[in-house]
Amino acid sequence: MEAITTREFVISDYDAVIALWNEADGIEICEGDSREEIKEYLQRNPGLSCVAETEGKIVGAALCGHDGRRGWIYHLAIAPTHRRQQIGKLLVDSCLNGLRAVGLRRTIILVADDNPGGHKFWLRNGFENIDGAIAMTREL
Ligand SMILES: CC(C)(COP(=O)(O)OP(=O)(O)OC[C@H]1O[C@@H](n2cnc3c(N)ncnc32)[C@H](O)[C@@H]1OP(=O)(O)O)[C@@H](O)C(=O)NCCC(=O)NCCS
């Protein structure tokens with residue numbers, strides 16, 4: 001199997017990561033995902049977002065940050081050619097360790113209800129459903 005390495009997501013990875021997100025079912029490119037916004041997000045949350053690489057090619061990425069109270073992981077995606085090789089778990093572990101290192105004690109993710117594979121992945125990685133809560137949002 002090819003060697004997989006992980007490292008910090010830096011803004012020069014943007015084009016490769018956007019291509020990865022675009023080809024992944026279960027990821028919706030949305031407001032906050034422009035190059036400038038991702039650059040600001042990475043600067044605001046240094047060392048938390050990560051990519052996985054093999055032979056110089058990005059095959060996985062996750063955005064991770066926090067608001068001082070809860071950690072958030074967004075847009076975790078692994079290239080379809082590289083799934084079920086524990087790369088998703090590797091990136092999530094990296095995100096969780098980074099959040100712990102800055103003193104966070106809980107993190108939140110949102111999974112679309114038509115993404116059963118993604119849901120099983122998060123359950124397998126220790127995440128729980130938030131029973132009794134309804135996720136809500138509002139455009140600003
Ligand atoms: C979800 C995703 C990130 C998982 O990445 P991955 O590298 O394939 O996952 P891992 O190999 O680390 O999986 C770890 C465990 O999670 C579970 N799992 C992962 N993908 C699964 C799937 N599609 N269906 C059921 N269980 C799954 C398995 O228990 C797996 O262990 P196993 O392979 O030994 O059975 C990847 O499928 C993906 O990019 N999907 C499209 C984007 C997406 O849905 N992202 C999540 C948005 S919330």
Side-chain angles (χ1 to χ4, degrees):
M1 201 185 291
E2 311 146 45
I4 302 288
T5 53
T6 63
R7 62 167 175 78
E8 184 172 358
F9 180 168
V10 292
I11 194 60
S12 54
D13 299 321
Y14 181 81
D15 289 337
V17 171
I18 279 284
L20 180 77
W21 287 340
N22 270 321
E23 78 172 336
D25 289 342
I27 303 283
E28 190 191 343
I29 304 293
C30 52
E31 60 275 68
D33 289 337
S34 70
R35 187 185 303 271
E36 197 51 39
E37 288 164 316
I38 293 289
K39 184 177 169 192
E40 284 174 16
Y41 187 80
L42 297 176
Q43 281 170 350
R44 188 190 153 108
N45 297 282
L48 293 177
S49 299
C50 47
V51 295
E53 273 184 323
T54 183
E55 295 170 347
K57 183 177 169 8
I58 289 179
V59 294
L63 270 184
C64 178
H66 69 87
D67 56 19
R69 176 177 165 85
R70 297 287 182 251
W72 287 88
I73 302 173
Y74 303 95
H75 287 9
L76 170 70
I78 306 302
T81 47
H82 286 73
R83 291 189 187 159
R84 302 305 280 261
Q85 296 177 30
Q86 305 292 305
I87 305 173
K89 177 179 171 14
L90 203 61
L91 289 182
V92 169
D93 287 347
S94 169
C95 292
L96 298 180
N97 286 334
L99 290 168
R100 286 184 190 108
V102 292
L104 274 284
R105 294 193 296 153
R106 183 163 291 278
T107 190
I108 302 177
I109 48 113
L110 294 172
V111 192
D113 60 8
D114 61 355
N115 184 4
H119 186 215
K120 285 195 185 112
F121 168 84
W122 292 108
L123 288 171
R124 180 65 188 267
N125 282 281
F127 284 71
E128 301 169 341
N129 295 338
I130 307 176
D131 291 331
I134 299 171
M136 296 178 73
T137 184
R138 184 185 157 159
E139 193 172 338
L140 299 176

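Count residues from 1 along the sequence.
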[X] side chain to [Y] backbone, donor-acceptor under 3.5 Å:
X	Y	value
Glu53	Thr5	no
Asn45	His66	yes
Asp13	Val10	yes
Asp33	Cys30	yes
Thr6	Val51	no
Tyr14	Lys39	no

Separation between CG of Leu76 and OG of Ser49, rounded to the nearest 0.5 Å: 11.0 Å

Gap between atom NE2 of His82 and atom NZ of Lys57 - 0.5 Å precision: 7.5 Å

Taking C-beta and beyond as the side chain, do [X] and [Y] meet within less than 4.5 Å on heavy atoms?
X	Y	answer
Lys89	Arg124	no
Asp15	Arg35	yes
Val17	Leu63	no
Ile58	Arg7	yes

Contact summary for [X] and [Y], nearest pair of heavy atoms:
X	Y	value
Gly71	Leu104	N-CD1, 3.6 Å
Gly65	Leu99	O-CD2, 3.7 Å
Phe9	Ile38	CZ-CG2, 4.1 Å
Trp72	Thr107	N-OG1, 3.5 Å
Glu23	Pro80	OE2-CD, 3.6 Å
Gln85	Thr81	NE2-O, 3.8 Å

Residues that, via side-chain heavy atoms closer than 4.5 angstrom, fall in one hydrophobic cluster with Leu140: none

If hydrophobic clusters are built by linking Ile, Leu, Val, Met, Phe, Trp and Tyr wherever their side-chain heavy atoms come under 4.5 Å apart, do [X] and [Y] end up in the same one?
X	Y	result
Val102	Leu91	no
Ile108	Ile27	yes
Leu20	Val92	no
Tyr74	Ile11	yes

Considering residues, nucleotides and ligands other than [X], do more than 12 of their heavy atoms fall under 6.0 Å from its [atom1]?
X	atom1	result
Asn125	CG	yes
Glu31	CD	no
Gln43	CD	yes

Identify each donor-acceptor pair in which a side-chain atom of residues 109-122 lies under 3.5 Å from a protein atom, sequence neighbours left out, and give them as a table.
residue	atom	partner	partner atom	Å
Asn115	OD1	Gly118	N	3.0
His119	NE2	Asn129	OD1	2.8

Non-neighbouring partners of His75 that pass ring pair (Phe, Tyr, Trp, His ring centres under 6.0 Å), sequence neighbours left out: Trp21

